[in-house]
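Notes follow once the structure below has been shown.
Atoms within each ligand, like the ligands themselves, are counted from 1 in listed order. Here, residue 1 is the first one in the sequence, and each next residue gets the next number. Note that these values count all heavy atoms, side chains included, but never hydrogens, waters or copies made by symmetry.
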Amino acid sequence: MPIDWSPLKEIIDHQNRFVLTSHVRPDADALGSELGMAILLRSMGKTVQIINPGATPAHLQFLDPEAEIKSVHDSPALKKAILECDVHIVLDTSAWGQLGEVGKVMKTATTQKVVIDHHVSSDDLGATQFKDTSSPATGCLVYEFMQAINHTPDVRAASCLYAAIATDTGWFRFPSTTSKTMRTIASLMDAGANPAELYSLLYEQAAVPRLHLSGIVLQRVATACDGQLAYTYVTQSDFAKSKAHPADTENLVNQCMTVAGTRAAFILVQQANRKFKVSLRSRVNFDVTPIAEQLGGGGHRQASGAMLPGPRETALEKLIELFGEELKKQAPPGGLDEK
Ligand SMILES: [Mn+2]
């Protein structure tokens, strides 16, 4: 069902002060969608602030060279701004639990709320929702709104939206990518987005410790469930040894998925508080959300996450058991040979 964008146009026409926000640990879809929307709203003469539950990760700061995106923790004036604006626009999440301190302040405000999102799990934020769970990125939805009001993005907005969509689709290889996605991408290139430059800024900025951490973690890749599951883990001492950061684990679970015959993968990442964050991934014929939900987490069919208590061996056993059950439940109709 295509989204009817006219209620959003209506809200924007009648209001002036906007606060945009997104989820904790913002990714390029969160930040790119916020920036694209902010540039659009300003071009319409609106006052806009972007206030997130946390800081912009260093590797994504290039999207926001003027550092206009603030963390709510930067200054008490920002909490005041959240309370005093006319409209909150929440992008790339629909869950209170993902909004951290911003959510807490928002809950006490009577301000009008709008959600623009593509995630399945959702709370009732008391917002007017513009949601399409089949959309590969929130960036696509922001572009759809621009199209609906006949707006052509400038080169900065186009670059931000390109980064949003390219990252959330795994550079257009995830099954969520459609020909419509590619038409959006073509329009963003026409508007000046430069794919080669964005790719380099996103993926070719690694520091050596990141590669050293990959070495340690990839050494440990193992398979289970008749080779249908590949997994690995990262400990706090791995971070210490390699001098890498938690963000350096980002792509390792996807590398597990490159093992032939796998339908799913996970990586356990030990946190500073000794708990384990698990990231779950799968191929198109397997839905990992039931596993994430059994662990109190959530996400998408092909990419979900949750937190588990230690010790590591217990967490690994639990995950392998859950995957074993779910892989059987979701076995392809003709058996694995016909995959
Ligand atoms: Mn997204």
Side-chain angles (χ1 to χ4, degrees), residues 3 5 8 20-40 50 52-54 56-57 59-60 63-64 69 88-100 102-103 114-123 125 127 129-146 153 157-178 180-182 184-185 188 193 198-199 201-203 247 250-251 253-254 277 279-282 284 287-289 292 297-306:
I3 293 175
W5 291 103
L8 182 56
L20 311 187
T21 194
S22 189
H23 51 82
V24 288
R25 291 180 301 278
D27 55 13
D29 189 27
L31 301 167
S33 298
E34 289 179 318
L35 288 161
M37 197 68 197
I39 295 167
L40 169 68
I50 305 177
N52 282 343
T56 300
H59 71 286
L60 294 174
L63 290 169
D64 179 27
I69 301 178
H88 296 136
I89 303 185
V90 178
L91 295 120
D92 202 38
T93 181
S94 326
W96 283 119
Q98 291 284 305
L99 291 174
V102 172
V114 167
V115 165
I116 303 175
D117 186 28
H118 69 130
H119 289 87
V120 178
S121 338
S122 76
D123 295 334
L125 302 186
Q129 300 215 38
F130 299 89
K131 254 182 102 116
D132 180 355
T133 54
S134 71
S135 184
T138 299
C140 290
L141 300 179
V142 172
Y143 181 74
E144 251 181 52
F145 176 60
M146 289 179 175
S159 304
C160 288
L161 295 179
Y162 191 106
I165 300 165
T167 50
D168 256 29
T169 57
W171 218 267
F172 320 114
R173 77 188 194 280
F174 295 163
S176 56
T177 309
T178 63
K180 184 182 167 189
T181 318
M182 300 315 268
T184 297
I185 284 301
L188 295 173
L198 287 165
Y199 185 91
L201 287 165
L202 284 162
Y203 298 115
E250 236 164 49
N251 196 42
V253 67
N254 299 321
K277 187 185 161 202
S279 297
L280 316 169
R281 294 289 183 277
S282 64
V284 68
D287 178 3
V288 287
T289 48
H300 300 280
R301 277 180 66 87
Q302 260 76 52
S304 286

Could you tell me whether a side-chain N or O of T167 sits under 3.5 Å from a main-chain N or O of A164, the two making a donor and an acceptor? yes
For G139, is there any backbone N or O sitting under 3.5 Å from a side-chain donor or acceptor partner on S33? yes
Quick one: name the protein N/O/S atoms under 2.8 Å from the Mn ion (ligand 1), chain by chain. D29 OD2, D92 OD1, H118 NE2, D168 OD2
According to the interplanar angle, ranging from 0 to 90°, do the rings of H23 and H119 count as parallel (below 30°), tilted (30 to 60°) or perpendicular (above 60°)? perpendicular
Plane angle bin for H118 and H300 - parallel if under 30°, tilted between 30 and 60°, otherwise perpendicular: tilted
Return the set of residues passing salt bridge (charged side-chain N to carboxylate O under 4.0 Å, His left out) with R25 (not counting sequence neighbours), or none when no residue passes. none
Given side-chain hydrogen bond (donor to acceptor under 3.5 Å, both in side chains), test S22 with N52 step by step and report yes or no. CA-CA 6 Å; S22 189; N52 282 343; 5.4 Å; no
